[in-house]
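These notes are about the structure you will find just below.
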Amino acid sequence: MSQPSTTPRPESIGEARTAEPASATPGVIPRPVSLAPSAGFFDLVTTTSIRVEPGTAEAMAIGRYLAEKLKLATGFNLMVLVASGAPPPGAITLATSDADPLLGAEGYLLTVTPAQVTLAAPHPAGLFHAVQTFRQLLPHAIESDSLQPGPWRLPAVSIRDYPRFEWRGAMLDVSRHFFGVQDIQQFIDRIAYYKLNRLHLHLTDDQGWRIAINAWPALTAHGGSTAVGGGPGGFLTQADYAQIVAYAQQRYIVIVPEIDMPGHTNAALASVPDLNCDGVAPELYTGIEVGFSSLCVDKELTYRFVDDVIGELAALTPGPYLHLGGDEAHSTSEAEYRSFVERVQGLVEAHGKQMVGWEEIARADLHPTSIVQHWSSDLAARAVEQGIRVILSPASRAYLDMQYDSATPLGLHWAGTIEVRDAYDWDPAAQVPGIAEEAILGIEAPLWTETLRTLADIDYMAFPRLAAIAELGWSARGGHSWPDFRERLASHGPRLAAMGVPFYRSPQIDWK
Ligand code: NGO
């Protein structure tokens, strides 16, 4: 699936400051770059057709996806057909030809008139995002998976939209507690609704190794057999992983797999005795301390192991990124840590991928194509000095595992508590001294799962904060406004409820 990587900066289009008055913005999240309401409504009815231009298989797939989504609540079997020429009244048209190339890899136009709807984008990813906006213009009951009464009416509107940042991600830790294919797919659907385009999977940690590696079967056979608190654990087969990748691809989301190293490796060390410097495997670990484990960085076997793991994962991963973790390697000396990261960088590149790592990797000599992920210090600014781009995941704003307040039954609070406004009301370009807009590849919200066991737990911690992070990643800086976001978010309460998301009903929002 094509996913061009260049996104125009708002300045190049000159619309960054076309802020609408708050009251004129329907409840679309992330807030579109520009939105002009006009008179009247479009009625979605049984005879509405979805028309796709000839020769665009991806647009056809998006048309079918839209029809399937709309069918559940409306019961309509909308026709999806290939057609050219002027659309008849009552049609929804998906078009990629002649769309303004300045909209970039993910931008789109959405025009709703009483007679028809047009979704236009130079690339299919933009059409997919336009579909999410279209859903958000319909009544909230459209998100239900059972038949609802309707009517299905959208306000006439003209939207021009494209993202501020190229990387808009969420991270899910499937190591501390294991989450399987179904849960991950549900999470993918939720994040796609808010136009995120990266899902970072934290696949390994001290408590569990969750991805099958054919050359080292003990990793999952033993290392995947438990979890925090001593539960049964679990792991993804390579077929499971491929299924997740394909599901994400259909939703224009790139999977970013992470194998955390050299620290956070107790599950591997417990599974393969030879990976330990003394050849003795430790016990499996089910607590939540960090920083005690390390691969044996002086052993050649370590690099054969890393090369095998990276090689198998790279072969399964169409996206360009491979995350090697690199955080909290407190049991590895500074010199050893640096030489380890530099050597692994070469292995990742030898398998045709770009290395991503937590901010600690900025201590090593990095290539300009490597990517550093900020989470709690100013280390990433060092990488920027080396010409490297940064993903921002400031723990005090973007960590979805932090409690909302001291009464939140789940989560941690080492980085403070994060209410919805804390998650929303910050500017990425002003967050870390030395990391300005140009150095920021994007934003990502990590969800660590030491205290989370079920999809309902994930939903409760992620929503609504992930909607706030999504808006920071997508929407123009000039349109940032807490009062405006707060109002739009209120209208997402019934939407999330219709999807079956047991979200946190923050007292900061007057939920509808
Ligand atoms: C830290 C740590 C993780 C924890 C998480 C909990 C990073 C990058 N390493 O973030 O192992 O799970 O905090 O909030």
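We count ligands from 1, going down the list as the structure has it; atoms in each ligand are counted the same way. Small disclaimer: the values here were computed from a predicted structure and weren't measured. Just so it is clear, the values below take in all heavy atoms, side chains as well, and ignore hydrogens, waters and symmetry mates.
With a heavy-atom cut-off of 4.0 Å, Leu412 touches ligand 1 through its side chain alone.
Within 6.0 Å of NE2 on His330 lie more than 12 heavy atoms contributed by other residues, nucleotides or ligands.
Counting atoms of ligand 1 from 1 in the listed order, those under 4.0 Å from a heavy atom of Glu450 are 4 (C), 6 (C), 12 (O). Those atoms of ligand 1 that come under 4.0 Å of a heavy atom in Met402, given as number and element, are 14 (O).
What sits closest to atom 9 (N) of ligand 1 on the protein, heavy atoms only, is Asp327 OD2, 2.7 Å. Summary of contacts: the protein heavy atom closest to atom 1 (C) of ligand 1 is Trp375 CZ3, 3.5 Å. Nearest protein heavy-atom neighbour of atom 14 (O) of ligand 1: Asp401 OD2, 2.6 Å. Looking at atom 2 (C) of ligand 1, its nearest protein heavy atom turns out to be Glu328 OE1, 3.1 Å.
Using a 4.0 Å cut-off between charged side-chain N and carboxylate O, Arg164 and Glu471 make no salt bridge. A salt bridge between Arg389 and Glu166 is present, with a side-chain N of the basic residue lying under 4.0 Å from a carboxylate O of the acidic one. A salt bridge does not link Asp425 with Arg397: none of the charged nitrogens is closer than 4.0 Å to a carboxylate oxygen.
Checked by distance only, ligand 1 and Trp358 stay at 3.5 Å or farther apart across all their nitrogen or oxygen atoms. Some N or O of Tyr399 is nearer than 3.5 Å to an N or O of ligand 1, by distance alone. Checking only distances, Trp414 does come within under 3.5 Å of ligand 1, N or O to N or O.
The cationic group of Arg251 lies under 6.0 Å from the six-membered ring centre of Tyr247 and within 45° of the ring axis, placing it in a cation-pi geometry.
Counting only non-hydrogen atoms, the option in Arg176, Gln207, His413 that gets closest to atom 11 (O) of ligand 1 is Arg176.
The aromatic rings of Trp216 and Phe305 sit perpendicular to each other, their planes meeting at more than 60°, with 30° as the lower class boundary. Note on ring orientation: taking the six-membered ring where Trp is involved, the planes of His323 and Trp358 are tilted (angle from 30° to 60°). Ring-plane geometry between Trp375 and Trp414 is classed as perpendicular, the angle between the planes exceeding 60 degrees on a 0 to 90 degree scale with a lower cut at 30.
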